[in-house]
Amino acid sequence: MPVTALHHFTIRCTPSELPPLVDFYTRVLRLQVGARPDIPAPGAWLYANGQPIVHLFAHLATPDAPGQPGQPVTGHIDHISFRSRGLKEMRAHLYAMGVPYTEAPIPGWDIHQLFLNDPRGLKVEMTFWLAEEAEESEEGQHEHLAGGAA
């Protein structure tokens, strides 16, 4: 199969919308600002594990207009999803930052989702695989026990 994973997505915005978007994706989702080619409009590339996965492109002169009354501007995209780890810690992080979110466990599936919105209203999904969460919890307990026995 030629397609194996999502490489990146691009959010278009105005130059004035750029700082709050960078702040959200770096402080809330903990991506890092990284190298970006010389592009004739302001923007930022935000990285996770060395991969630029969010491209912010501040080329709009005015903000997009909402399509439906009361609905955020998302174009044809309903939401984006990040495969994530550390569900318990992320809940605490979002709470401490005052970022509202909803939870969506998937009945019959081994995943748990958190949903939040970026400053432009784009819905962001964080998908946690519960088996990985249990493994990390067990690893942390083993490290704690090993550290306590020394």
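Heavy atoms only: backbone and side chains are in, while hydrogens, waters and symmetry mates are out.
Side chain of H79 to main chain of L122: no donor-acceptor pair is present (N/O by atom type, distance under 3.5 Å, no hydrogens or angles). No side-chain donor-acceptor contact under 3.5 Å links Y95 to the backbone of P100. The backbone N or O of F82 sits less than 3.5 Å from a side-chain atom of S84, completing a donor-acceptor pair. Using a distance-only test at 3.5 Å, with no hydrogens or angles considered, no donor-acceptor pair links the side chain of R30 to the main chain of Y25.
The CZ atom of R120 sits 6.5 Å away from atom SG of C13, with the distance rounded to the nearest 0.5 Å. Taken from OG1 in T14 to CG in L21, the straight-line distance is 8.5 Å, to the nearest 0.5 Å. The distance from atom CG of L114 to atom NE2 of H112, rounded to the nearest 0.5 Å, is 5.5 Å. Here L46 contributes atom CG and L56 contributes atom CG; the two are 5.0 Å apart, rounded to the nearest 0.5 Å. Atom CG in L94 sits 6.0 Å away from atom OH in Y101 (nearest 0.5 Å).
Grouped by direct or indirect side-chain proximity (heavy atoms under 4.5 Å, Ile/Leu/Val/Met/Phe/Trp/Tyr only), I111 sits with I106, W109, W129.
R27 meets the salt bridge (Lys or Arg N to Asp or Glu O under 4.0 Å) test with D23; sequence neighbours excluded.
Annotation: side chain of L6 is not in contact with side chain of I53 (no heavy-atom distance under 4.5 Å). Between I11 and D118, the closest side-chain pair of non-hydrogen atoms falls below 4.5 Å. Looking only at side-chain heavy atoms (C-beta outward), L116 and K123 stay at 4.5 Å or farther from each other. At least one side-chain heavy atom of P63 sits less than 4.5 Å from a side-chain heavy atom of E17. Using a 4.5 Å cut-off on side-chain heavy atoms (C-beta onward), M90 and F128 make contact. No side-chain heavy atom of K88 sits under 4.5 Å from any side-chain heavy atom of E133. Within the 4.5 Å cutoff, side-chain heavy atoms of V124 are placed close to those of L29.
What you find for H59 and A41 is that their closest heavy atoms are CB-CB, 3.9 Å. For A44 against L18, the heavy-atom pair with the smallest separation is N-CD1, 4.4 Å. Considering all non-hydrogen atoms of both residues, Y47 and G34 come closest at CE1-CA, 3.3 Å. P20 and S16 get closest at one heavy-atom pair: CD-O, 3.6 Å. Considering all non-hydrogen atoms of both residues, P42 and P15 come closest at CG-CG, 4.4 Å.
Both V33 and F24 are assigned to one and the same hydrophobic cluster, defined by single-linkage of ILVMFWY side chains at heavy-atom distances under 4.5 Å. In the hydrophobic clustering of this structure, F115 does not group with L87; members are Ile, Leu, Val, Met, Phe, Trp, Tyr whose side-chain heavy atoms approach within less than 4.5 Å, directly or through other members.
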- Item | R91/E103 under salt bridge (Lys or Arg N to Asp or Glu O under 4.0 Å): CA gap, chis, key distance, verdict | CA-CA 10 Å; R91 285 180 181 132; E103 299 203 34; 2.8 Å; yes
- Task: Check step by step if salt bridge (Lys or Arg N to Asp or Glu O under 4.0 Å) holds for E125 and R83.
- Result: CA-CA 9 Å; E125 172 187 321; R83 185 164 182 162; over 6 Å; no
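By the 30° and 60° cut-offs, the orientation of the rings of H8 relative to W45 is parallel.
In this structure, F9 places its CZ atom where more than 12 heavy-atom neighbours from other residues, nucleotides or ligands lie under 6.0 Å away.
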